[in-house]
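The structure under discussion appears below in the form of structure tokens.
Just so we're on the same page: letters track the sequence lines, and every chain starts at 1. Just so it is clear, the model here is predicted, and its values are computed rather than measured.
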Amino acid sequence: LKDVAIVGVGCTGFRPLTPEVSYKELMFEAATRAYADANVNPRKDIDAFITCAEDYWEGHSIFDEFVPDQLGAVLKHLFTVTADGLIGLAHAYMLIRTGQFHTVVVEAHSKASDILTFTDIVAFSLDPIFNRPLGGHPYYIAGLEMTRFLHETGTTKEQCAQVVVKNRKNALANACAAYGAELTTEDVLQSEPTFYPLSHLDISPLADGCIVLVLASSHAAKKLTDTPIWIRGVGWNSDTPWLELREWGKATYAEHAANMAYKMAGIKNPRREIQFAEVDDLFSYKELQHLEALKLCRPGEAGTLTEEGATQKDGEMPVNVSGGALGMGYAPEALGLQRVLEAVLQLRGQAGRRQLSNVQTGLAQSWRGIPTATGAVAILSREVQ
Amino acid sequence: MKMFGKKRVAVVGAGLTLFRRNLKETGKELCYEATKMALDSAGLTLKDIDCVAFGSAPDAFDGIHMKGENMIDGAGGWRKPFSRVFVGGGTGVFTANAGWWHIASGLFDTCLVVAEEKMSSCYPHPAYAFTTIFDPIMDRPLGVTLIWIFALEMHRYMHRHGIKKEQIALVSVKNKRNALDHPCAQLAANITVEDVLNSEMMCWPVQRLDISPTSDGAAALVLASEDVAKKITDNPVWIDGVGWCIDSTYWTNRDLYYPDYVEYAARMAYKMAGIKNPPKEIDVAEPYDPFDYKELHHMEGLLLCKKGEAPKLTEEGVTQRDGDLPINPSGGLLGVGNPIAAAGLMKVCEIFWQLRGEAGKRQVPGDPRTGVAQAWGDLMQYGSVIVLRR
């Protein structure tokens, strides 16, 4: 399908702290870059704007109030999707497909360094009657899920640690990454135990930053750029919000979202038709669990493939060449757009030192984090028949 | 009739819970009730639904971070593409707009639109949640509340056009009386202009009976593409136009006498629907009325009359249910109640029932064919509009 393309990208960050700028300035900077990249004037050329944000992350109620000015969207058609940026991208995709919109902007950002009580805010997302009263840091849910995943698939903690080593190393070649590092498997395994079996280095550290994308219809894309990156398919899905009712070993939401995106993109054999993937790795085991849900490997195989180097930059299925969230930093609600940004840069051939050769089609996937079971997938291609 | 989008989109079912203060049901139970009623009215089950567009206003009411995620199962979103849109008070009508593009894009054939609000869980009063909608550096230190800023807007509107409080109070009288015929209504009453003028002063010129209540409630719609809708019902109501618009964050820098953003949103929707002369072509309207003056303000923003003319039309009875341009025949937020997002979607439900001739005692005469619903939100900043046609 040649309906909707990404024609502009802009990014600022990601960094552990950004005391010198407000979230509005982060957004302004990323938006300015995206508009320059797409060669558009937001006040004249953009038909709709989408911001992806949650009130509690922002410390404001009704966050969209504070968005229009710095995006150039005053008296324009802007709205909030309270979801990861990749679900915002799906809304932009739908708007353009209606035929009523030619250009749509999607924005997602994180100013996580402003959050003084991160743990408490995550706890506020738990069911107020059944789960919240149990107390504790809610990341214990990730520990429980990891335990079940390791048990069901035979994956080892060492294999999960290798995801961290790979992604932090990849991040060294990415100027937008906050946490590039040379680590060893031992470093990860011996880092402070947190939520068993997770260790400190298995968890993506928070970061500030912003990503803005400009999407266009095929008609508008042809006028704006020589290198449109086509969105061939999008999918998003939610499993039950009840922790007690989930299949803990599997990322069911990612499986359903991928099925939707593959169907739309006409992809029958994901392993053969997709050359690289940017997937959610908020926790190390999540990268492996997601690869299996996305059918980029067989169930239980992701750990072994990682061990063998298949997901390295020079492997047969490079995964998170950007550094992932482990390397770039966890930016709540902007995680999905980090993945899309990397896919666009790789497909355009603008990924610099981490450029993959001969890539035609990439996959971007996100998850909304603890305690949700909501995720999204997008399939991006350079050329479409 | 003008076609737009890949697919034409119809409303084929609607559902609504009671609007009350302190309902015992949880947010997701309210979602379930509205969703079940909407599905039943269309003769469908969740198996027939492809996706869910959900709407709810600040998480601070329910006290649940990412509250959309918490509502997924109640709103029928389990293992479906589910997402929540959020534009403050404009959310209710906007959620229906979002449902439209799910189907008009060609991605889905059916979509559930669900809006929920549970304000009563916010202690000691939901008004406190509204103190967190202001800029933390510029506005919050003033101790500013919602009623303050709307008092400023109401005063400016009255001053600019020389409007008297007596004229504005007529809106409250009309809507609360209309609500006597609404089975879900929270504050239906037979009151007089004197009652409004003698009610407790909140912040001049806003008095207690000028304001809608805080409420719990949910509303739902079932949308379907043209092919599917024709199999479900002989009586579909088409979504022919959607619009939305946001003004600057800096509300202190604009003239509050007129909502430009509502006009821009309306123009967007009217253009899609091919409406050139709104007062003539629109048979029934549900503008957002959390305060009585807002109904008048929004009639003007929706281009249903000239600037400053809405109070006169109200005085002349034009906006009564049997008038030439019935406004808020449901009873609006002033009468039915104001669970923010659900109240906006309630207005779309009302237009759906009016156009189908299913509004019972609330039915406006004259066989209405075209209706418009509108909601308003943020810092006197957001307009969302939908045009429905039989």
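The shortest heavy-atom contact between A:Ser61 and B:Ala129 is OG-O, 4.0 Å. Pairing each heavy atom of A:Tyr56 with each of B:Gly63, the nearest pair is OH-CA, 3.4 Å. What you find for A:His60 and B:Pro136 is that their closest heavy atoms are NE2-CD, 3.3 Å. Nearest heavy atom pair, residue B:Asn70 against residue A:Pro128, reads ND2-CD, 4.3 Å.
In this structure, A:Tyr139 places its OH atom where more than 12 heavy-atom neighbours from other residues, nucleotides or ligands lie under 6.0 Å away. Taking a 6.0 Å sphere around OH of B:Tyr128, one finds it holds 12 or fewer heavy atoms contributed by other residues, nucleotides or ligands. The environment of CH2 in B:Trp78 is sparse: at most 12 heavy-atom neighbours from other residues, nucleotides or ligands sit within 6.0 Å.
B:Val85 has its side chain within reach of A:His91: a pair of non-hydrogen atoms, C-beta onward, lies under 4.5 Å apart. Looking at heavy atoms from C-beta onward, B:Met66 lies in side-chain contact with A:Trp57 at the 4.5 angstrom threshold. In this structure, the side chains of B:Asp73 and A:Pro241 come closer than 4.5 Å at one or more pairs of heavy atoms. B:Met268 places none of its side-chain heavy atoms less than 4.5 Å from the side chain of A:Gln100.
Contacts between A:Lys24 and chain B at a heavy-atom distance below 4.5 Å involve the side chain alone, from C-beta outward. Heavy atoms of B:Phe54 lying under 4.5 Å from chain A are absent altogether. Heavy atoms closer than 4.5 Å to chain A are found nowhere in B:Asp62, neither backbone nor side chain. Proximity to chain B is limited to the side chain of A:Arg132, based on heavy atoms less than 4.5 angstrom apart. Contact of A:Val234 with chain B is made through the side chain alone, with heavy-atom distances under 4.5 Å. For A:Glu333, the part lying near chain B is the side chain, with the backbone staying farther off; criterion is any non-hydrogen pair under 4.5 Å. For A:His256, the part lying under 4.5 angstrom from a heavy atom of chain B is the side chain only. Residue contact with chain B, scored on non-hydrogen atoms closer than 4.5 Å, is absent for A:Thr51. Interface residue A:Phe101: only side-chain heavy atoms are found under 4.5 Å from chain B. Proximity to chain B involves both the backbone and the side chain of A:Leu75, based on heavy atoms less than 4.5 angstrom apart. For A:Trp242, the part sitting under 4.5 Å from any heavy atom of chain B is the side chain, from C-beta outward, and nothing else.
Taking the six-membered ring where tryptophan is involved, the planes of B:Trp244 and A:Phe79 are perpendicular, since the angle between them exceeds 60° and thus also 30°.
Note: B:Ile133 CD1 to A:Glu65 CD = 4.5 Å, rounded to the nearest 0.5 Å. Considering CZ of B:Arg84 and OG1 of A:Thr82, their distance stands at 4.0 Å, rounded to 0.5 Å. Distance check: A:Ile62 CD1 to B:Thr91 OG1 gives 7.5 Å after rounding to the nearest 0.5 Å. To the nearest 0.5 Å, atoms CZ (B:Phe86) and CG (A:Asp55) are separated by 4.0 Å. Rounding to the nearest 0.5 Å gives a distance of 8.0 Å between CD of B:Gln381 and CZ of A:Phe66. Atoms CG and CZ, on A:Asp239 and B:Arg79 in that order, are 4.5 Å from each other to the nearest 0.5 Å.
Counting heavy-atom pairs closer than 4.5 Å to chain A, the top residue among B:Thr26, B:Thr131, B:Leu107 is B:Leu107. Counting heavy-atom pairs closer than 4.5 Å to chain A, the top residue among B:Tyr250, B:Phe134, B:Phe130 is B:Tyr250. Chain A forms more heavy-atom pairs under 4.5 Å with one residue of B:Thr249, B:Ile72, B:Ile64 than with any other, namely B:Thr249. Options A:Thr240, A:Leu126, A:Val74, A:Asp64 differ in how many heavy-atom pairs under 4.5 Å they form with chain B, and the most are formed by A:Asp64. Contact count against chain B (heavy-atom pairs under 4.5 Å) is highest for A:Ile121 among A:Ile87, A:Val67, A:Ile121. Chain B forms more heavy-atom pairs under 4.5 Å with one residue of A:Ile50, A:Val81, A:Ile129, A:Leu78 than with any other, namely A:Leu78.
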Test log, rule side-chain hydrogen bond (donor to acceptor under 3.5 Å, both in side chains), inputs B:Glu69 and A:Thr374: CA-CA 8 Å; B:Glu69 299 288 330; A:Thr374 293; 2.5 Å; yes

List the steps and the verdict of side-chain hydrogen bond (donor to acceptor under 3.5 Å, both in side chains) for A:Asp69 and B:Ser248. CA-CA 6 Å; A:Asp69 299 78; B:Ser248 163; 2.8 Å; yes

